[in-house]
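Basis for what follows: all heavy atoms, side chains included, without hydrogens, waters or symmetry-related copies.
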Amino acid sequence: QLRLVESGGDLVQPGGSLRLSCVASVGSGFTLDYYAIVWFRQAPGKDREGVACIGSDANTAIYPDSEQGRFTVSRGNDKNTVYLQMNRLNPEDTGLYYCAAKLGGRCGERRSEPAYEYAYWGQGTQVTVSS
């Protein structure tokens with residue numbers, strides 16, 4: 001059973017940066033390369049929304065695409081980790097960030113696939129942007 005563990009969330013001031021990690025907690029030899037990974041954000045009072053995706057085909061997407069200059073999603077060399085680099089953070093980025101995995105999935109062009117498409121989820125890591 002694939003288990004995902006997020007980390008890296010913190011309280012940061014506006015304009016700051018964070019790098020979130022999503023690690024697959026499975027036995028040795030496992031790789032996340034065959035899974036699409038989406039980072040979802042659950043902001044207070046709002047629906048869960050996808051903010052970044054890296055597909056099993058190695059394509060990436062940031063949602064909306066206007067945020068491409070601030071967010072970057074990448075895979076780690078260890079094959080078990082996916083990162084979300086977030087720069088120039090603002091209070092609207094506050095929320096609980098989850099990573100979710102789908103075997104063989106690809107990234108949507110303009111928005112992520114719905115959350116229910118993803119079978120594997122981590123417990124989330126809290127990002128708070130506040131002065």
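- For Asp78, the CG atom counts as densely surrounded, since its 6.0 Å shell holds more than 12 non-hydrogen atoms of other residues, nucleotides or ligands.
- The minimum heavy-atom distance linking Ala24 with Leu32 is given by the pair CB-CG, 3.8 Å.
- Of the possible donor and acceptor atoms, none in the side chain of Arg75 sits under 3.5 Å from a partner among the backbone N and O of Ala58.
- Between the CD1 atom in Ile62 and the CD atom in Gln68 there is a gap of 6.5 Å [rounded to 0.5 Å].
- In terms of heavy-atom proximity, Ser112 sits nearest to Gly50 at OG-CA, 3.5 Å.
- Each of Val38, Asp33, Ile37 was scored for a side-chain contact (heavy atoms from CB on, under 4.5 Å) with Ile54, with one residue passing: Ile37.
- In this structure a side-chain-to-backbone donor-acceptor pair under 3.5 Å is present from Ser56 to Gly105.
- The aromatic rings of Tyr118 and Phe40 sit perpendicular to each other, their planes meeting at more than 60°, with 30° as the lower class boundary.
- At least one side-chain heavy atom of Met86 sits under 4.5 Å from a side-chain heavy atom of Leu20.
- The minimum heavy-atom distance between Gln42 and Lys46, with the atom names listed, is NE2-O, 2.5 Å.
- Contact check for Leu84 versus Val51: side-chain heavy atoms found under the 4.5 Å cut-off.
- Taken to the nearest 0.5 Å, the CG atom of Leu18 stands 9.5 Å off from the CZ atom of Phe71.
- The main-chain N or O of Glu92 is found under 3.5 Å from a side-chain atom of Asn90 such that the two form a donor-acceptor pair.
- At a threshold of 4.5 Å between non-hydrogen side-chain atoms, the residues Tyr34 and Leu103 count as touching.
- Minimum heavy-atom separation, Ala36 to Arg106: CB-N, 4.0 Å.
- Distance alone, capped at 3.5 Å, places no donor-acceptor pair between the Glu6 side chain and the Thr125 backbone.
- Following chains of ILVMFWY side-chain contacts shorter than 4.5 Å, one can reach Tyr120 starting from Tyr97, so the two form part of one hydrophobic cluster.
- To the nearest 0.5 Å, atom SG of residue Cys107 and atom NZ of residue Lys102 are 10.5 Å apart.
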Determine whether Leu11 and Ser130 satisfy the following criterion, side chain to side chain contact (heavy atoms under 4.5 Å, CB included), listing intermediate values before the conclusion.
CA-CA 7 Å; Leu11 169 64; Ser130 175; 4.2 Å; yes
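- Contact of the Val82 side chain with the Trp39 side chain is registered, since non-hydrogen atoms from C-beta on lie closer than 4.5 Å.
- Closest of all the heavy-atom pairs between Arg70 and Asp93 is NH1-OD2, 2.8 Å.
- In terms of modelled atom types and a separation under 3.5 Å, the side chain of Thr94 and the main chain of Val129 share a donor-acceptor contact.
- Counted within 6.0 Å of CZ on Arg48, heavy atoms from surrounding residues, nucleotides or ligands total more than 12; the atom is thus considered enclosed.
- Closest approach of Gly108 and Tyr63 over heavy atoms only: O-OH, 2.6 Å.
- Inter-residue side-chain proximity for Cys53 and Val73 is flagged as unmet; no heavy-atom pair is nearer than 4.5 Å.
- Within the 4.5 Å cutoff, the side chain of Gln123 has heavy atoms near those of the Val5 side chain.
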